[in-house]
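Scroll down for the structure; my scribbles are underneath it.
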Amino acid sequence: FAGWKRSLEVAGARDAATVRLTTSYRCPRPIAELARTVLGPLAPQTPAKASRDGVPVGRFHFPGEAPAHIFLASALKELLDAEPHASVAVITSNMDTARRFFPLIAGLHDTRLVDRGDFTFQPGVDVTDVDSVKGLEWDYVVVPDATAAHWPDTDDGRRRLHVAVTRASHQLWLISPGTPTPLIG
């Protein structure tokens, strides 16, 4: 996406007005507030209003990947057992990380590794990368690599993590195996 200005030029509507949306309809308040924190200095001056309240963002810190992965595999199994019709996205910073994580939960019912946006939009778990999810949404979103190494304090890191966290329409879990990303406050 080259931006609205370029898109309007290509569409022959160079002089069309653009308006920034002021209400977040997809994400409940706790996720919208975190999304603003993630954007930091890139955030619009006026915060978006959330259309509804919601449960707090789950933040889980572990000293390394092994305990984080054990926790997450168990938590995802419990979630799918409790809500078999839920859509869940495990969104990683890159496809290599998604491929490394997928075997840990591949045994769960309806779990898919999704590369290049080939989503089925069925209940279950989609393990994918942030570059594949812009414009999409799931009931639950898990960021299993919410670490400083994967989501650095850069403009690009902010934008990419913002995309990942704002895909959740119900609940968001941030898993930090190691040093948490400074973008989540």
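Please read these numbers as outputs of a predicted model, since none were measured by experiment. Nothing fancy with the numbering, it's 1 onward along the sequence.
The closest donor-acceptor contact from the side chain of Arg167 to the backbone of Leu136 lies under 3.5 Å. Between the side chain of Thr111 and the main chain of Gly107, no donor-acceptor pair closer than 3.5 Å is present. Panel note: side chain Arg158, backbone Val38; a donor-acceptor pair is recorded below 3.5 Å. The backbone N or O of Gly185 sits nowhere less than 3.5 Å from a side-chain atom of Thr37 that would complete a donor-acceptor pair. Although no hydrogens or angles enter the test, the distance criterion places no donor-acceptor pair under 3.5 Å between the side chain of Thr128 and the main chain of Met95. Under a 3.5 Å cut-off, the side chain of His61 and the backbone N or O of Gly178 do form a donor-acceptor pair. At least one donor-acceptor pair closer than 3.5 Å links the side chain of Ser87 to the backbone N or O of Asp139. With Arg160 contributing its side chain and Asp155 its backbone, the two residues share no donor-acceptor pair below 3.5 Å. Panel note: side chain Arg36, backbone Ala43; no donor-acceptor pair is recorded below 3.5 Å.
In this structure, Pro182 and Asp153 approach most closely via the heavy-atom pair CG-CB, 3.9 Å. Here the closest non-hydrogen pair linking Pro177 and Pro144 is CD-O, 3.5 Å. Considering all non-hydrogen atoms of both residues, Ser169 and Glu137 come closest at CB-OE2, 3.7 Å. Across all their heavy atoms, Ala50 and Pro28 have their closest contact at CB-C, 4.2 Å. Among all heavy-atom pairs drawn from Asn94 and Asp129, the shortest one is C-CB, 3.5 Å. In this structure, His109 and Leu80 approach most closely via the heavy-atom pair O-CD1, 3.9 Å.
In this structure, CG in Leu172 is found 8.5 Å from SG in Cys27, a value given to the nearest 0.5 Å. Remark: Asp110 CG to Gln122 CD distance equals 8.0 Å, nearest 0.5 Å. From Leu72, atom CG reaches atom CD1 of Ile105 across 6.5 Å, with rounding to the nearest 0.5 Å. Distance OG1/Thr181 to CG/Leu174: 9.5 Å, rounded to 0.5 Å. Summarising the geometry, atom CD belonging to Gln171 is positioned 7.5 Å from atom CD1 belonging to Ile31; distances are rounded to the nearest 0.5 Å. Atoms CG and CD, on Asp15 and Glu9 in that order, are 10.0 Å from each other to the nearest 0.5 Å.
Ser93 and Asp145 form a side-chain donor-acceptor contact under 3.5 Å, judged by distance and modelled atom types alone.
Note on Val163: it does not cluster hydrophobically with Val90, by side-chain heavy-atom contacts below 4.5 Å among ILVMFWY residues. Val127 and Leu161 fall into different hydrophobic clusters, defined by Ile, Leu, Val, Met, Phe, Trp and Tyr side-chain heavy atoms under 4.5 Å apart, directly or through other members. Phe102 and Ile91 fall into different hydrophobic clusters, where Ile, Leu, Val, Met, Phe, Trp and Tyr side chains are chained together by heavy-atom contacts under 4.5 Å. Residue Leu76 is grouped with residue Tyr140 when hydrophobic side chains (ILVMFWY) are merged at heavy-atom distances under 4.5 angstrom, including chains of intermediate members. In the hydrophobic clustering of ILVMFWY residues, with side-chain heavy atoms under 4.5 Å counting as a link, Phe62 and Phe101 come out together.
You'll find the ring centres of Phe71 and Trp173 outside the 6.0 Å limit.
Under the 4.0 Å criterion applied to side-chain N and carboxylate O atoms, Arg112 and Asp118 are not assigned as salt-bridge partners. Here Asp96 does not pair with Arg100 in a salt bridge; the nearest charged N to carboxylate O distance is not below 4.0 Å.
Proximity of Trp151 to Val130: side-chain heavy atoms (C-beta onward) are separated by under 4.5 Å at one or more points. A 4.5 Å side-chain heavy-atom check between Leu34 and Arg59 finds at least one atom pair inside the cut-off. In this structure, Val133 and Phe119 have side chains that are in contact, with non-hydrogen atoms separated by less than 4.5 Å. In this structure the side chain of Val141 never reaches within 4.5 angstrom of the side chain of Val165, judged on heavy atoms. Taking 4.5 Å as the limit, every side-chain heavy atom of Val57 sits out of range of all side-chain heavy atoms of Glu33. In this structure the side chain of Phe60 reaches within 4.5 angstrom of the side chain of Ile175, judged on heavy atoms. A 4.5 Å side-chain heavy-atom check between Val125 and Leu79 finds every atom pair outside the cut-off.
The local environment of CZ in Arg52 is crowded, with over 12 non-hydrogen atoms from other residues, nucleotides or ligands closer than 6.0 Å.
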